[in-house]
Amino acid sequence: MSFQAPKGTFDWLPPRSERVLAVREALAAPLRTAGYGYIETPVFEDTQLFARGVGESTDIVTKEMYTFADKGGRSLTLRPEGTASVVRAVLQHNLHTGQLPVKLWYSGSQFRYERAQRGRYRHFWQVGAEALGSEDPALDAELIVLAARGFASLGLKNVTLLLNSLGDQNCRPAYRAALQEFLRGLDLDEETRARIEINPLRVLDDRRSEVQDQLADAPLVVDHLCAACKAYHEEVRGLLTACGVAFTDDPRLVRGLDYYTRTTFEFVHGGLGSQSAVGGGGRYDGLSEMLDGPPLPSVGWALGVDRTFLAMQAEGLADDEARQRVQVYGVPLGDDARRRMFLLVGELREAGLSADMAFGGKGLKGAMKGADRSGAAFALILGERDLAAEAVQVKDLATAEQSEVPLAQVVEFLKGKVQ
RNA sequence: GUGGGUGUAGCUCAGUUGGCAGAGCGCCAGGUUGUGGUCCUGGAUGUCGAGGGUUCAAGUCCCUUCACUCACCCCA
């Protein structure tokens with residue numbers, strides 16, 4: 001085997017792929033009921049969009065982007081996340097000049113150049129939602145509730161919601177300074193010391209115990225929120241509680257992208273190997289301006305499709321048993337019968353039944369095996385004798401009962417039997 | 001970018017002090033020349049990841065390399 005999927009990528013194969021498709025649909029379904037419109041944006045964008053939107057100091061931008069030059073010399077990057085693209089599209093097409101908020105959802109591939117491990121790949125899939133142009137705690141709460149509904153609809157029981165507020169341009173600078181002062185006094189490696197100056201909040205997110213052990217007395221954002229941010233955060237918390245959505249306050253939750261303000265949240269699960277997040281998001285009131293747009297306070301999230309599937313596997317919700325692929329399976333004997341069966345299978349499909357047939361000139365036994373493996377409820381056996389009689393043998397594969405049905409009536413006959 | 005583990009049949013994996021390349025599952029065929037699932041019988045499939053070295057002899061020992069995987073960093 002000379003070719004294989006590129007490093008850090010993988011293929012979804014049946015029957016698992018069908019379940020992943022269903023996961024994607026289930027995560028998106030609540031958004032459709034809440035007035036979110038579907039948006040598709042290019043898989044690649046101007047590199048600067050992500051550099052400015054995601055943040056120059058983030059790991060995503062400094063080392064995880066798939067960046068390449070096209071034949072025109074433009075620097076393009078495969079999207080590492082969806083929000084920057086959506087904001088760019090909204091600004092480009094002036095969607096924000098209509099009624100606000102603009103509510104959009106998307107679903108698709110994302111790319112990050114990382115060392116792959118369980119739950120973390122170079123090519124992965126997200127379902128995302130964004131509500132742009134409105135500063136309303138109910139909108140933050142709505143999105144969180146919709147995500148929680150999506151996970152719940154898949155049967156997931158062990159998804160936990162972590163919630164925090166990062167403050168805004170009024171209160172964050174003072175907090176940031178206080179945190180920096182604290183962090184500078186710690187014993188940290190060079191890379192982390194550099195991070196203190198660029199994005200000190202992310203030091204709080206470090207999972208290494210030698211770092212965490214020193215952070216016990218670190219100043220927390222919650223203690224530095226201004227009155228407006230505090231009130232906003234309380235409102236979000238109150239709405240979630242009223243909706244019956246459980247959450248855990250996590251004052252250390254900061255997330256890795258630079259654009260977040262106020263509300264941040266993460267849905268975590270224990271079944272993802274060393275990863276924990278199945279989804280996450282937050283408010284990004286300043287992003288539009290970073291991308292040369294007008295002030296456009298917004299909130300959004302992205303849920304990891306493949307990570308959600310891992311979580312389902314961990315909870316025993318993703319059995320690999322093959323499903324029924326078709327309802328009816330044709331078993332032709334001989335060339336004349338094969339031509340007639342080809343037409344019959346087409347008629348069945350036109351009539352709304354799913355149907356397949358044996359291909360490749362298999363013998364009867366092999367064709368019957370095919371019928372069995374297709375999961376079909378009925379096999380249609382057609383040989384020379386049946387053609388002469390203008391009839392087909394209809395075999396119930398569960399009971400092994402077989403009856404002869406005139407070819408002219410078999411479609412109606414099966415419509416009555418199946419479903 | 002850094003560290004650990006693993007590479008043998010389509011899949012999951014055995015393979016002893018270096019001595020004929022194996023099992024289970026799957027696949028194909030036959031038992032049944034017009035009947036699947038169960039059962040019985042038979043069959044095919046290998047660059048033992050790749051390259052080099054030691055040896056009479058290497059899947060096994062040594063070196064190099066590649067891939068996969070898990071973990072760190074970080075994140076969905």
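Just so it is clear: chains get the letters A, B, ... in the order the sequence lines come, proteins before strands, and each one is counted from 1. Since we're looking at a predicted model, the values are computed, not measured.
- Note on A:Gly279: only backbone sugar-phosphate atoms sit closer than 4.0 angstrom, heavy atoms only; bases stay farther off.
- Comparing the same atom, P, in B:A57 and in B:C11 gives a spacing of 33 Å after rounding to whole Å.
- When both distances must be under 3.5 Å, the Watson-Crick or G-U wobble mate of B:U60 does not exist.
- Each of A:Ala116 and A:Val278 was assigned the nucleotide of RNA chain B with the nearest heavy atom; the assignment lying further toward the 5' end belongs to A:Ala116.
- Evaluated for a side chain to side chain contact (heavy atoms under 4.5 Å, CB included) with A:Pro80, the options A:Phe50, A:Phe111, A:Tyr66 yield exactly one hit, A:Phe50.
- Rounded to the nearest Å, the gap between the P atom of B:C74 and that of B:U69 is 22 Å.
- Electrostatic pairing of A:Glu130 and A:Lys103 does not count as a salt bridge here, judged by no charged N lying under 4.0 Å from a carboxylate O.
- Under the Watson-Crick or G-U wobble criterion, with both distances below 3.5 Å, B:A67 is paired with B:U6.
- On a pure distance criterion of 3.5 Å, no polar donor-acceptor pair joins the side chain of A:Lys369 and the base of B:G37.
- Applying the side chain to side chain contact (heavy atoms under 4.5 Å, CB included) test between A:Thr308 and each of A:Val23, A:Leu272, A:Val127 identifies A:Val23 as the sole match.
- If you check B:G37, B:C75, B:C68 against the side chain of A:Gln4, the one that comes closest is B:C68.
- When heavy atoms are screened at a 4.0 angstrom cut-off, A:Glu114 is found touching base atoms of the nucleic acid.
- A donor and an acceptor atom sit less than 3.5 Å apart, one in the side chain of A:Arg307 and one in the base of B:C75.
- B:G22 and B:U65 are spaced 33 Å apart, taking the P atom of each and rounding to whole Å.
- Here A:Ala277 lies in heavy-atom contact (under 4.0 Å) with sugar-phosphate atoms only.
- A:Val299 places none of its side-chain heavy atoms less than 4.5 Å from the side chain of A:Asp285.
- Regarding A:Met65, its CE atom lies at a distance of 15 Å from the P atom of B:C75, rounded to whole Å.
- Base contact: A:Arg112 has a heavy atom under 4.0 Å from a base atom.
- Within 4.0 Å (heavy atoms only), A:Glu81 reaches no atom of the nucleic acid at all.
- The base of B:U2 sits within donor-acceptor range of the side chain of A:Arg115, with an N or O pair under 3.5 Å.
- Between B:C72 and A:Gln117, a contact under 4.0 Å exists linking OP1 or OP2 to a side-chain N or O.
- As the counterpart of B:G42, B:C28 is assigned, both hydrogen-bonding distances of the Watson-Crick or G-U wobble pattern falling under 3.5 Å.
- Going from the P atom of B:G3 to that of B:C61 covers 23 Å, rounded to whole Å.
- Phosphate proximity of B:A29 to A:Lys365: absent, as no side-chain N or O sits under 4.0 Å from OP1 or OP2.
- Both distances falling under 3.5 Å, in either a Watson-Crick or a G-U wobble arrangement, place B:C72 opposite B:G1.
- For the pair A:Arg122 and A:Arg118, nearest-nucleotide mapping onto RNA chain B gives the more 5' position to A:Arg118.
- Under the 30°/60° scheme for interplanar angles, the aromatic rings of A:Trp12 and A:Phe309 are found to stand perpendicular.
- Taking 3.5 Å as the limit, the base of B:A71 and the side chain of A:Gln275 contain no donor-acceptor pair of atoms between them.
- Nucleic acid contact class of A:Ala400 (heavy atoms, under 4.0 Å, all strands): base.
- For an aromatic pair to be called close, the ring centres must be under 6.0 Å apart, and A:Tyr329 with A:Phe378 fails this.
- Counting any heavy atom pair closer than 4.0 Å across all strands shown, A:Ala147 reaches no nucleic acid atom.
- As judged by a 4.0 angstrom heavy-atom cut-off over every strand, A:Gly119 is placed among the base-contacting residues.
- No donor-acceptor contact under 3.5 Å links the side chain of A:Asp372 to the base of B:G37.
- B:G22 is paired with B:C13 under the criterion used here, namely a Watson-Crick or G-U wobble arrangement in which both key atom distances are under 3.5 Å.
- Among the heavy atoms of the strands lying under 4.0 Å from A:Lys7 are primed sugar atoms or P, OP1, OP2 only; no base atom is included.
- No contact: A:Phe111 has no heavy atom under 4.0 Å from any strand.
- You'll find the ring centres of A:Tyr38 and A:Tyr106 outside the 6.0 Å limit.
- Between A:Ser276 and the phosphate of B:C75, there is no side-chain N or O to OP1/OP2 separation shorter than 4.0 Å.
- Residue A:Arg373 has no polar side-chain atom (N or O) positioned under 4.0 Å from OP1 or OP2 of B:G26.
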